[in-house]
Amino acid sequence: MDQYTGQDIAVDMNPGNNGKASTSFIGSLPVDSVQALAATLATSDHIPTRYIRPEAESEPVIIPCEAEDDIPVIDFHKLFDPELSEAESSKLHLACQNWGFFQLINHGVPKEVIQKMMFVIEEFFKLPLDEKMLLKQRPGQLEGYGQWFVFSEEQQLDWADILVYHTWPLHLRKIGLWPTNPSTFRDALDEYSMEVKKLANCLLGFMAKNLGLDPAEMARMLENGAQSMRINCYPPCPEDNKVLGLSSHSDASILTLVLQVNDVPGLQIRRNDKWFLVKPHPGAFVANIGDVLEIISNGKYKSIEHRAVTNTEKERFSVAAFHGPNTNATVGPHPELVLKDEPFYRSLDYESYMKLFFSSKLDGKSFLGRMKLNK
Ligand code: OGA
Ligand code: NI
């Protein structure tokens, strides 16, 4: 893993801004719609070279048939059952330590809320391109229709279009930028965001307890904690083994909850240097530990590299809800977890941390490597 050797990340990345990050993070260069490109490609056509990703083909993927190849399943409901809570909570702790990924069932987010969200996503991406382009990301902004992490005209591109919004805290919502077609989009995103935020906070309370931290302190850290939604649309690709839907990365969140909108698999996680396909459990969320929790827990929980692939036939949709700490928080190992162990990561204010994240190309866990202290 890369080791960061610079002096001071916060100052380095913000020349001329007194070392303080601004609230709008660096945006991405505009790119063409992949959905529009995919619609015009015939099977015999070659994929434009900017999308060709040799790594997609060169690394074998394990399709889980045995339980030990499959990410753990956590039953959220059981965490509240006086008789089952302790066992389920230990299972959660092990999943966070050993996998960094799990599927969450019986999560209590109403079916109607999920179905409404799925409906508006599918309808939005069916709109003609010029209508979607009305919502395209403005220069320097991350919200809207477009792509993230593109910084040069030469950079290889992901086979996907995205639609992204900040959804929490409420005062950071720019609802005027949210789609109005389909007409239920704003309502659907609002309800979904509230439910998922509640779920993430609650789950993180159990995780804090498992780490020996005070759940009330965690709750305070999340009260005004950032939530953003990245809606991914992965169009089919005639040469699906030559492209990647989403480059390998770990999330810069505390906790991410991913909804697989249609039952098309595509998410892969890296474990013991091999890629494993995640088979979506119907109705479940795929939960994963993000870099911020790896740092807070001083490495007790690990964020795991993952990526998304496409297929030749079907479009795939997913929604990743990223949850972070309060915008004025400091990202660093929790003081109680470095009483006995030395800190393995540096500390940085959250805004600077996120600005740094959005100014680096997606490249596995190399970003987190820059937060590691040289030992
Ligand atoms: C993400 C992500 C996975 C998926 O958006 O960060 O990892 O299945 N998505 O689309
Ligand atoms: Ni991710």
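Since we're looking at a predicted model, the values are computed, not measured. By convention here, the first residue in the shown sequence is residue 1. As the structure lists them, so they are numbered: ligands from 1, and atoms in each ligand from 1.
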Taking it one step at a time, do Trp275 and Ser248 satisfy side chain to side chain contact (heavy atoms under 4.5 Å, CB included)? CA-CA 10 Å; Trp275 287 107; Ser248 168; 3.7 Å; yes
So which protein heavy atom does [atom] come closest to, and at what separation?
{"atom": "atom 8 (O) of ligand 1", "answer": "Arg316 NH2, 2.8 Å"}
{"atom": "atom 4 (C) of ligand 1", "answer": "Ser318 OG, 3.4 Å"}
{"atom": "atom 3 (C) of ligand 1", "answer": "Leu267 CD1, 3.7 Å"}

Compute the ring centroids of Phe102 and Phe285, then answer whether they are less than 6.0 Å apart. no
Under 4.0 Å from ligand 1, counting heavy atoms only, is it the side chain of Asp251, its backbone, both or neither? side chain
May I ask you to identify, for His306, whether its side chain, its backbone, both or neither come under 4.0 Å of ligand 1 on a heavy-atom basis? side chain
Sub-3.5 Å donor-acceptor pair from the side chain of Asp75 to the main-chain atoms of His77, do we have one? yes
Is a side-chain donor or acceptor of Arg173 paired with a backbone partner of His166 at a separation under 3.5 angstrom? no
Which heavy-atom pair separates Trp168 from Gly225 by the least distance, and what is that distance? CD1-O, 2.9 Å
In degrees, rounded to 10 degrees, what angle do His306 atom NE2 and His249 atom NE2 make at the Ni ion (ligand 2)? 90°
For ligand 1, is there an atom lying under 4.0 Å from some heavy atom of His249?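 Yes, His249 has heavy atoms under 4.0 Å from ligand 1.
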Ignoring angles and geometry beyond distance, decide whether Gln260 reaches within less than 3.5 Å of ligand 1 through its nitrogen or oxygen atoms. no
